Amino acid sequence: MPFRFVHTADIHLDSPLRSLALKNEELADVIGAASRSALTRIVDLCLAEQVDALLIAGDLYDGDQTSMKTALFLARELGRLHEAGIPTYIIRGNHDALSKITRELVLPDSVKLFGGRAEAVPLARASGPDIVIHGLSFREPRAPDCLLPSYKPPVEGAVNIGLMHTSLGGSLSHDPYAPVSLPELQASGFRYWALGHIHQRAEYAGAATVVMPGIPQGRDINEAGAKSVSLVTVSDNGEITVQERSVASARFDRIEVDLAGVFDWSDAVARIARSLEAQTAGDHHGVVRLKLTGSTPLAWRLRRELDLVKAEAELTAGRLGRLFVEQVESACRPLETKTEASGDPVAELAGLIAADVLSGPAFRDLAHEAANELIKGLPPELRGLFGQDEAEFAQRLDALARDGVDTVLARLREGGEA
């Protein structure tokens, strides 16, 4: 018989709310319960598919947590699998190494929590391919060295499945943890590597199927898009099949709304509403950030009255239900006219700023100095927001400066206060 299992990682159970969600009480309730809901849905999936095991590749917790409410919830959910005869295999990641719950919680007997020394656990099976699951947990929050040499060698004649928490070949948005290359994993003699740590899903075929399932539940707009776990089947001949299954109860998305050629405010509001209506599919809550684009004579007004645009969008979201508007930003550009080409004081001011301020070395040095001071105070996972190299850093600062200038000019254009 084939061997089937669910592979997940980075659940970050009861992860603290990001400041964004705290602005809206209803949204705070949704996001606050989302990580628990994701775990419940993962267990539901295991039960519905009648899998043979659940594999969790690290960061089940979210750091220095002490709440026994989190512990009891986890024990209750894994207990559902225990009662169904489905074992769970868990390794500790960098966040788990900080958690006191990790050391104190008593889990059901069917849960195998790998320790700081590598183990190879054979599964008792009446038929089908022999299966051996390998695992090694983080002892400390940081693991600067490759862990692969510490793993037990593959068991000959069996399908060897490895659990590893690693940044793999490196990620722009994550510090390096237990780095290992894809060719090294492919040459290890294992048939499947169940990875964790990077929050973006990735699958690699080859001698070994290597899967980073990503975070199963996004926590803010920087973890936008579909989130999922892997349903894996090992056939009788050892062939690996991977299916992606969504378990998120809330999904973050960035939506661009093209307002090119829109002349009337009500038409702009209607086009935004249609974009929101397209986000209501699925059994999850939606949290969206709207970005208005295109050349339109409404560009100045849209930028100046983004609070009004957001209010209109929130009315539509409320009508649709299960949808929240996190933020609205405008990248709309005004239609070029002869008036703006000459004789328009705001347009002339825009030209002066572009030619004499934004492009000048003095402004650029001040902007870089201010940004670098800000970056020093950010946690590592947020530093990538300013780019991953010097060129991208400069581009991000330039974009921020131009956005600020456009906002000031929009207020001048409409006669408001700059």
Side-chain angles (χ1 to χ4, degrees), residues 1-11 13 36 38-61 70-93 96 99 101-138 151-152 154-155 157-165 190-196 209 211 213 216 229-236 238 240-243 245 247:
M1 294 180 61
F3 176 74
R4 302 171 74 237
F5 62 93
V6 168
H7 163 210
T8 187
D10 303 290
I11 296 173
L13 192 60
R36 288 195 178 200
L39 179 58
T40 297
R41 290 184 176 204
I42 290 168
V43 172
D44 289 344
L45 175 64
C46 290
L47 296 174
E49 294 289 343
Q50 298 181 324
V51 298
D52 298 293
L54 169 63
L55 276 57
I56 303 177
D59 283 359
L60 174 57
Y61 303 108
T70 301
L72 292 173
F73 173 79
L74 174 63
R76 184 169 63 249
E77 289 300 320
L78 296 185
R80 294 169 60 203
L81 295 178
H82 176 75
E83 292 173 1
I86 299 174
T88 303
Y89 298 86
I90 304 173
I91 58 171
R92 296 187 183 104
D96 299 317
S99 175
I101 297 175
T102 302
R103 299 187 294 271
E104 298 175 0
L105 178 62
V106 177
L107 294 170
D109 293 339
S110 60
V111 177
K112 170 59 182 177
L113 179 59
F114 289 90
R117 290 188 176 182
E119 295 180 72
V121 180
L123 274 64
R125 306 192 73 224
S127 61
D130 292 335
I131 303 292
V132 179
I133 297 182
H134 299 248
L136 174 62
S137 286
F138 279 26
Y151 276 70
K152 299 286 187 181
V155 176
V159 174
N160 292 268
I161 298 171
L163 278 162
M164 181 183 289
H165 199 76
F190 285 54
R191 286 291 292 116
Y192 185 93
W193 278 102
L195 305 185
T209 299
V211 177
V229 300
S230 295
L231 176 60
V232 185
T233 300
V234 182
S235 67
D236 290 344
I240 304 290
T241 303
V242 181
Q243 300 178 49
R245 294 294 183 89
V247 295

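This one's a predicted model, so the numbers in the text were calculated from it and none came from an experiment.
Scanning for side chain to side chain contact (heavy atoms under 4.5 Å, CB included) contacts around P154 gives N160, F190, with sequence neighbours left out. Every salt bridge (charged side-chain N to carboxylate O under 4.0 Å, His left out) that R4 has, sequence neighbours left out, goes to E49. Take R36 and apply the side chain to side chain contact (heavy atoms under 4.5 Å, CB included) test, not counting sequence neighbours, and it matches L13, D14, K69, T70, F73. Contacts of T88 classified as side-chain hydrogen bond (donor to acceptor under 3.5 Å, both in side chains), with partners at least two apart in sequence or in another chain: none. Considering only residues two or more places apart in sequence or on other chains, Y151 meets the ring-ring contact (aromatic ring centres under 6.0 Å, His included) condition with W193. Looking at residues two or more places apart in sequence or on another chain, you find a side-chain hydrogen bond (donor to acceptor under 3.5 Å, both in side chains) between R80 and D44, E77. The ring-ring contact (aromatic ring centres under 6.0 Å, His included) test applied to F114 returns no partner, not counting sequence neighbours. For the side-chain hydrogen bond (donor to acceptor under 3.5 Å, both in side chains) test, residues two or more places apart in sequence or in another chain that qualify with S235 are N237. Residues that satisfy the side chain to side chain contact (heavy atoms under 4.5 Å, CB included) test with A194, not counting sequence neighbours, are H7, L55, L163, Y192. Here Y89 pairs with nothing under the ring-ring contact (aromatic ring centres under 6.0 Å, His included) rule; sequence neighbours left out. Partners of S230 under the side-chain hydrogen bond (donor to acceptor under 3.5 Å, both in side chains) rule, at least two apart in sequence or in another chain, are R201.
The shortest side-chain heavy-atom distance between V229 and P213 does not fall under the 4.5 Å cut-off. Counting heavy atoms from C-beta outward, V247 and T8 have side chains that stay 4.5 Å or more apart. Contact of the K152 side chain with the L136 side chain is not registered, since no non-hydrogen atoms from C-beta on lie closer than 4.5 Å. A 4.5 Å side-chain heavy-atom check between D130 and V132 finds every atom pair outside the cut-off. Looking only at side-chain heavy atoms (C-beta outward), I161 and V232 stay at 4.5 Å or farther from each other. Using a 4.5 Å cut-off on side-chain heavy atoms (C-beta onward), I11 and P216 make contact.
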Below 3.5 Å, can you tabulate the donor-acceptor pairs from side chains in residues 115-124 to any protein atom, sequence neighbours excluded?
from, atom 1, to, atom 2, distance (Å)
E119, OE1, K112, NZ, 2.9
E119, OE2, K112, NZ, 3.0

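Taking both residues in full, the closest heavy atoms of L195 and A9 are given as O-CB, 3.8 Å, listed atom of the first, atom of the second, then distance. Closest heavy-atom contact between S137 and R92: OG-N, 2.8 Å. In this structure, D236 and P2 approach most closely via the heavy-atom pair OD1-N, 3.4 Å.
When each of I133, V234, L54 is checked for a side-chain contact (heavy atoms from CB on, under 4.5 Å) with F5, only V234 meets the rule.
Here the side chain of R191 pairs a donor or acceptor atom with the backbone of G238 at under 3.5 angstrom.
Note that NE2 of H82 and CG of L78 are 11.0 Å apart. Values are rounded to the nearest 0.5 Å. One finds the CG atom of L47 at 12.0 Å from the CD1 atom of I42 (value rounded to the nearest 0.5 Å). Rounded to the nearest 0.5 Å, atoms CG (D59) and CD1 (I91) are 9.0 Å apart.
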Exercise. How far apart are the C-alpha atoms of L74 and L107, what are their side-chain angles, what is the distance that settles it, and do they pass the side chain to side chain contact (heavy atoms under 4.5 Å, CB included) test?
Worked result: CA-CA 9 Å; L74 174 63; L107 294 170; 4.3 Å; yes

